[in-house]
2 protein chains.
Amino acid sequence: MPRGRASNYDEQRGMILAKAAHLFAHGGYPGTSMNQVAEATGFSKATLYHYFHDKYSLLVDIAEGHVSRLEALVVDVVAERLEPEDHMRALIARIMAEYAGAQDAHRVLTSEVRFLEAADRKRILGKERRVVAGFADAIAAWHPEHAKAELTKPLTMLLFGMINWMFTWMRPGGALSHEALAPIVTDLFFGGVPAVGRGKAGRG
Amino acid sequence: MPRGRASNYDEQRGMILAKAAHLFAHGGYPGTSMNQVAEATGFSKATLYHYFHDKYSLLVDIAEGHVSRLEALVVDVVAERLEPEDHMRALIARIMAEYAGAQDAHRVLTSEVRFLEAADRKRILGKERRVVAGFADAIAAWHPEHAKAELTKPLTMLLFGMINWMFTWMRPGGALSHEALAPIVTDLFFGGVPAVGRGKAGRG
DNA sequence: CCTACCGATCGGTAGG
DNA sequence: CCTACCGATCGGTAGG
């Protein structure tokens with residue numbers, strides 16, 4: 001059975017990364033062994049080391065691949081040059097769709113970054129910061145008075161809190177899909193942001 | 001040097017749990033060795049095993065201790081029988097203060113639960129569910145129309161998203177303290193909840 | 001692409 | 001004979 005040299009190399013790499021992301025997401029990076037990755041992929045451990053230099057490079061590739069797609073998504077939406085409210089809507093809908101299609105990588109990015117070495121963590125958190133900055137810019141353009149009051153950053157982080165946390169409790173195939181939740185998040189944020197700083201939360 | 005039998009036993013246990021929580025929060029449960037716990041506490045590993053049956057019981061005690069304090073807090077606030085808005089305010093302020101004083105345990109509870117055995121996970125998630133239910137009941141009493149539309153649960157989870165996520169990015173001693181963030185969370189939630197379902201997020 | 005291993009370190013326990 | 005602890009090492013398994 002002849003085959004082109006490494007004709008499906010990238011495909012195999014992608015399959016291994018997907019299986020590893022699933023294992024890392026559920027068992028944690030230190031808690032997952034290369035033997036488990038080998039078993040899940042159907043490859044021997046030695047074959048795994050043909051595709052990846054070491055266990056660590058699996059972690060880097062999973063985290064960086066995911067955050068790079070998020071960065072590209074933000075760049076795409078910015079290029080559409082939408083009105084502030086539509087820009088916000090597009091960012092929220094697009095990032096939730098991206099998360100929904102990459103739940104394992106999302107979990108790895110949010111809870112296993114601590115295992116990255118300094119240089120890799122710096123590079124990956126830099127991309128993450130540019131994603132957050134894309135949202136913060138959109139919020140600042142939408143409510144410039146909050147930008148002056150330095151409320152943009154905390155508001156951005158609260159929005160990410162709602163969305164990031166969602167994918168820790170949402171069960172795929174559960175009653176609440178991300179499509180059903182997107183308008184609730186958007187209503188809550190759109191309704192709440194104008195109220196921030198007006199002291200409606202004050203006592204009385 | 002006479003001493004009372006195990007006079008400081010509970011105190012030593014508490015110290016070990018605090019050190020272990022810090023290590024688990026930063027290195028993960030499987031990524032932390034009992035040798036590290038021993039080094040951090042100043043005890044020999046053998047002494048550690050005098051206080052705890054095994055490494056696993058550290059995890060259970062950290063997670064269960066934290067969630068039990070959260071459960072007690074909710075019971076306390078409910079006992080105050082406040083008006084809906086004040087009840088919500090009290091719940092948000094109290095849980096944020098509790099998180100702020102237990103950041104390590106909070107991280108362990110949110111990202112290391114997956115390492116609990118079935119029986120322990122069931123018991124601990126049961127307590128967690130009662131905490132969430134306390135918030136959901138308060139939201140339902142405050143906005144009964146959302147309860148009818150089955151929006152209470154997602155709204156509760158979005159609120160927990162903002163608060164839980166906050167303690168993953170907030171740096172102790174950073175510019176944004178939890179005291180500064182509490183009114184922003186409350187304004188955003190109080191302003192946003194009435195808008196949910198009114199379709200303000202719809203296109204146009 | 002596999003079997004057979006390695007140096008090291010793991011969680012847990014021995015004797016005293 | 002106890003509790004509280006130590007230095008040293010067990011059998012088994014990790015990443016490679």
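Naming: A, B, ... by sequence-line order, numbering from 1 per chain. Computed over heavy atoms, backbone and side chain alike; hydrogens, waters and symmetry mates excluded.
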**Report entry** Under-4.0 Å side-chain N/O to phosphate OP1/OP2 contact, B:Asn35 with C:dC10
**Finding:** yes

Requested in this report: Give the ring-plane orientation class for A:His106 versus A:His66, where under 30° counts as parallel, over 60° as perpendicular and anything between as tilted.
Outcome: perpendicular

Requested in this report: Just compare D:dG15, C:dT3, D:dC6 and give me whichever is closest to any side-chain atom of A:Ala46.
Outcome: C:dT3

Report summary line: Separation of D:dA4 atom C1' from B:Phe43 atom CZ, nearest Å, is 10 Å

Query raised in the report: Taking only side-chain nitrogens and oxygens of A:Tyr49, does any of them come within less than 4.0 Å of OP1 or OP2 of D:dG15?
Result: no

Query raised in the report: Just to confirm, is there a sub-4.0 Å distance from OP1 or OP2 of D:dT13 to any side-chain nitrogen or oxygen of A:Ser33?
Result: no

Report task. Can you tell me the distance, in whole Å, between the CD atom of A:Gln36 and the C1' atom of D:dG16? Result -> 16 Å

Query raised in the report: Think B:Ser44 has a side-chain N or O under 4.0 angstrom from the OP1 or OP2 of D:dC6?
Result: yes

Query - Closest to side chain of A:Met34, choosing from C:dC1, C:dG12, D:dG16 - result: D:dG16

Query raised in the report: Could a donor-acceptor pair under 3.5 angstrom be found where the side chain of B:Lys45 meets the base of C:dG12?
Result: yes

Query raised in the report: Between the main-chain N or O of B:Ser33 and the side-chain N or O of B:Gln36, is there a donor-acceptor pair closer than 3.5 Å?
Result: yes

Requested in this report: For C:dC1, take OP1 and OP2 only and decide whether either is under 4.0 Å from a side-chain N or O of A:His50.
Outcome: no

Query raised in the report: How are the rings of A:Tyr29 and A:Phe24 set to each other: parallel, tilted or perpendicular (split at 30° and 60°)?
Result: perpendicular

**Report entry** Value in whole Å for how far the C1' atom of C:dT9 lies from CD of B:Glu39
**Finding:** 14 Å

Report summary line: When rounded to whole Å, the CG to P distance for the pair A:Leu48 and D:dG16 reads 11 Å

Requested in this report: Flag yes if more than 12 heavy atoms outside A:Glu83 fall under 6.0 Å of its CD atom; otherwise flag no.
Outcome: no

Report summary line: B:Asp10 atom CG is separated from D:dT3 atom C1', nearest whole Å, by 15 Å

Query raised in the report: Which is true for B:Tyr51 with a 4.0 Å heavy-atom rule: it touches a base, it touches only sugar-phosphate, or it touches nothing?
Result: sugar-phosphate

Query raised in the report: With a 4.5 Å heavy-atom cut-off, do B:Met96 and B:Tyr99 have their side chains touching?
Result: no

**Report entry** d(NZ, B:Lys55; C1', C:dG11) in whole Å
**Finding:** 8 Å

Report summary line: Which of C:dG11, D:dC5, D:dG16 is nearest the side chain of B:Thr47? It is D:dC5

